[in-house]
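Comments concern the structure below.
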Amino acid sequence: MFPSIQEQMDLIKRGASEIIPEEDLVKKLERSIKTNTPLRVKLGCDPSRPDLHLGHSVVLRKLRQFQDLGHQAILIIGDFTGMIGDPSGRNKTRPSLTLEETREFGQSYFEQATKILSSDRVRMQYNSEWLGAMSFADVIKLASKYTVARMLERDDFTLRYKAGEPISMHEFLYPLAQGMDSVAIKSDIELGGSDQKFNLLVGRDLQREYGQEPQVILTTPLLVGTDGVEKMSKSYDNYIGINEPATEIYGKTLRIPDNLIYEYFELASDVPNAELAGIKKQLEDSSVNPRDVKRRLARTFVTMYHSAAAAREAEAQFGKIFIDKEIPENIEEYVIPNCAGETSLVGLMMVTKLASSKSEARRLIEQGGVSVDGERVGDLNAPVPTAKQFILKVGKRRFLKVFHA
RNA sequence: GGGCAGGUAGCGAAGUGGUUAAACGCAUCAGACUGUAAAUCUGACGGCAUACGCCUUCGGAGGUUCGAAUCCUUCCCUGCCCA
């Protein structure tokens, strides 16, 4: 019922950055075949940022492959850590969540994840189930199993330590908590981004400490964000969300730097391996305008997360807006309340959030970034147009259809 | 507990009593050129005001001064060294 080892390994190794240790994976697969038992493949999820993007999709797609091979996917929602909140590291303002919020986000995460995962052979568990049940004595015992020196091996800690940046005590506990998740569910394999390597390895040690066979870890490369510099992340605002509207996914994809095209195909798309080589060639020998390859990438993403029809539509609309400079079909609408309300265009821009302040609105007008029905606005004091309805455009791609009540 | 060094706008980083709303770099935004790419160029980048200008900001609070990010007091936070 399971494919052969070779077949499985071929699929598993594709796009993986590290498998540690590979021999153990082979052994686990052999046993799985022999005993006809699926492997338990774990993926930990952070519920504090409930919007999944292409960066998350890389590892989720890897998990999907395990499902396709007949194995069991287990999503661990880190609600326990989410409730504590993590004020350290880069995310100084990460809020602590209430139990309700973590449940809500967990559910939302699950729904989004199943856009990529198959809905059978997947299980979701909240780690508060076992972490919340631990006493302080349990925690101390757990902490005694690891040393400070070993913790400081983690790259992130080393760097911060050397740079004289603060590291809070509880940060040392996070890898341990994550490792306990592996113990709790007796995972055979844990997946994660390559930045998770240390935490995943801790899971191996803890499983051993608790008398279990250590999990194999598999890391996937981190997807670079649309800015071409930082890893894709919501906090850098360089992401393409899988729940975003088709036109957004399409537009954002076309805005990525050219040198990211191949990587996105390789890591985030379902284009078969066989075609990847061809794409690489096209990009290298410039036989094709990179723009066209990028268009294909954009269509691929929209097809994956919406539909082929949506992809065609998004492409058509994109052409209309940016090549023919037309106005998109579906744009947000705003109705001006007929009583008082704003009488200046600047004020209107502010209430409709097209500008965050009047000064910014004025700046935008001054710099020629604002137009009404295609006519550039040159007057800082321009009143709200009297036309019953008009199109307000700010910058290259923010449109608003405004009506008078 | 003691000593030292720090906390400046989204980030990094100047500024140590008076054109300092605060240099510079990055990021961001707008415009030009493009393929809504890259590179480049121009401009903006606390708020209010058409504008003269006004108001709020340099960890928090209080004080000295005609005037403070800059001096004093106190509190909070971070790092390093010693215990």
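Residue numbers begin at 1 in each chain, while the letters A, B, ... track the order of the sequences.
- Rounded to whole angstrom, the span from the CG atom of L254(A) across to the P atom of G35(B) amounts to 13 Å.
- Inspection of the T247(A) and Q317(A) side chains reveals no N or O donor paired with an N or O acceptor under 3.5 Å.
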Test side chain to side chain contact (heavy atoms under 4.5 Å, CB included) applied to E266(A) and K280(A), step by step:
CA-CA 10 Å; E266(A) 185 189 28; K280(A) 190 167 206 165; over 6 Å; no

Which pairs, protein N/O on one side and nucleotides 4-11 of chain B N/O on the other, fall under 3.5 Å?
none

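- For F403(A), there are no ring pair (Phe, Tyr, Trp, His ring centres under 6.0 Å) partners, not counting sequence neighbours.
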Counting primed atoms, P, OP1 and OP2 as sugar-phosphate and everything else as base, the B/S/- map of nucleotides 50-59 of chain B against protein heavy atoms under 4.0 Å is S---------

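- Pairs engaging residues 378-394 of chain A under the side chain to side chain donor-acceptor pair (under 3.5 Å) rule: none recorded [sequence neighbours left out].
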Strictly under 3.5 Å: I want the nitrogen or oxygen pairs between protein and nucleotides 76-83 of chain B, one per line.
from: G79(B); atom 1: O4'; to: G164(A); atom 2: O; distance (Å): 3.4

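- Between the CG atom of N259(A) and the C1' atom of A39(B) there is a distance of 13 Å, given to the nearest Å.
- The P290(A) side chain lies nearest to G35(B) when the options are C48(B), A37(B), G35(B).
- In this structure, R312(A) has no side-chain hydrogen bond (donor to acceptor under 3.5 Å, both in side chains) partners at least two apart in sequence or on a different chain.
- Ion pairing between R64(A) and D68(A) holds under the 4.0 Å rule for side-chain N and carboxylate O.
- Taking atom CD1 on I321(A) and atom P on G35(B), their separation rounds to 17 Å, with Å as the unit.
- At least one side-chain nitrogen or oxygen of S357(A) sits closer than 4.0 Å to the OP1 or OP2 atom of C48(B).
- The interatomic distance linking K294(A) (NZ) with A38(B) (P) rounds to 7 Å, in whole Å.
- Distance, I256(A) CD1 to A37(B) P: 12 Å, rounded to whole Å.
- In this structure, CE of M350(A) is placed 8 Å from P of A49(B), rounded to the nearest angstrom.
- Taking atom CG of residue D379(A) and atom P of nucleotide A49(B), one finds them 15 Å apart after rounding to whole Å.
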Take I74(A) and L43(A), measure what side chain to side chain contact (heavy atoms under 4.5 Å, CB included) needs, and give me the verdict at the end.
CA-CA 6 Å; I74(A) 304 176; L43(A) 177 67; over 6 Å; no

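- Note on residues 257-314 of chain A: no pairs pass ring pair (Phe, Tyr, Trp, His ring centres under 6.0 Å), not counting sequence neighbours.
- Scored by the side-chain hydrogen bond (donor to acceptor under 3.5 Å, both in side chains) test, S17(A) finds T219(A) as partners (sequence neighbours excluded).
- Every residue two or more places apart in sequence or in another chain that forms a side-chain hydrogen bond (donor to acceptor under 3.5 Å, both in side chains) with E213(A) is listed here: K28(A), R31(A).
- As rounded to the nearest Å, A69(B) and G7(B) have P atoms that lie 16 Å from one another.
- For C29(B), the paired nucleotide is G43(B), the pair qualifying as Watson-Crick or G-U wobble because both relevant distances are below 3.5 Å.
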For nucleotides 23-31 of chain B, just jot down a letter per nucleotide in 5' to 3' order: B, S or -, based on protein non-hydrogen atoms under 4.0 Å.
------SSS

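- For the C1' atom pair drawn from G63(B) and G17(B), the interatomic distance equals 15 Å after rounding to whole Å.
- Between K13(A) and E22(A) a salt bridge is recorded (basic side-chain N to carboxylate O distance below 4.0 Å).
- The distance between atom CD1 of I261(A) and atom C1' of A38(B), rounded to the nearest whole Å, is 11 Å.
- Residues passing the side-chain hydrogen bond (donor to acceptor under 3.5 Å, both in side chains) test with Y250(A), sequence neighbours excluded: E315(A).
- Salt-bridge formation is detected for the pair R160(A)/E171(A): a Lys NZ or Arg NE/NH1/NH2 atom is positioned less than 4.0 Å from an Asp or Glu carboxylate oxygen.
- Residue pairs satisfying the side chain to side chain donor-acceptor pair (under 3.5 Å) criterion with at least one member in residues 359-378 of chain A, sequence neighbours excluded, are listed as follows: S356(A)-E360(A).
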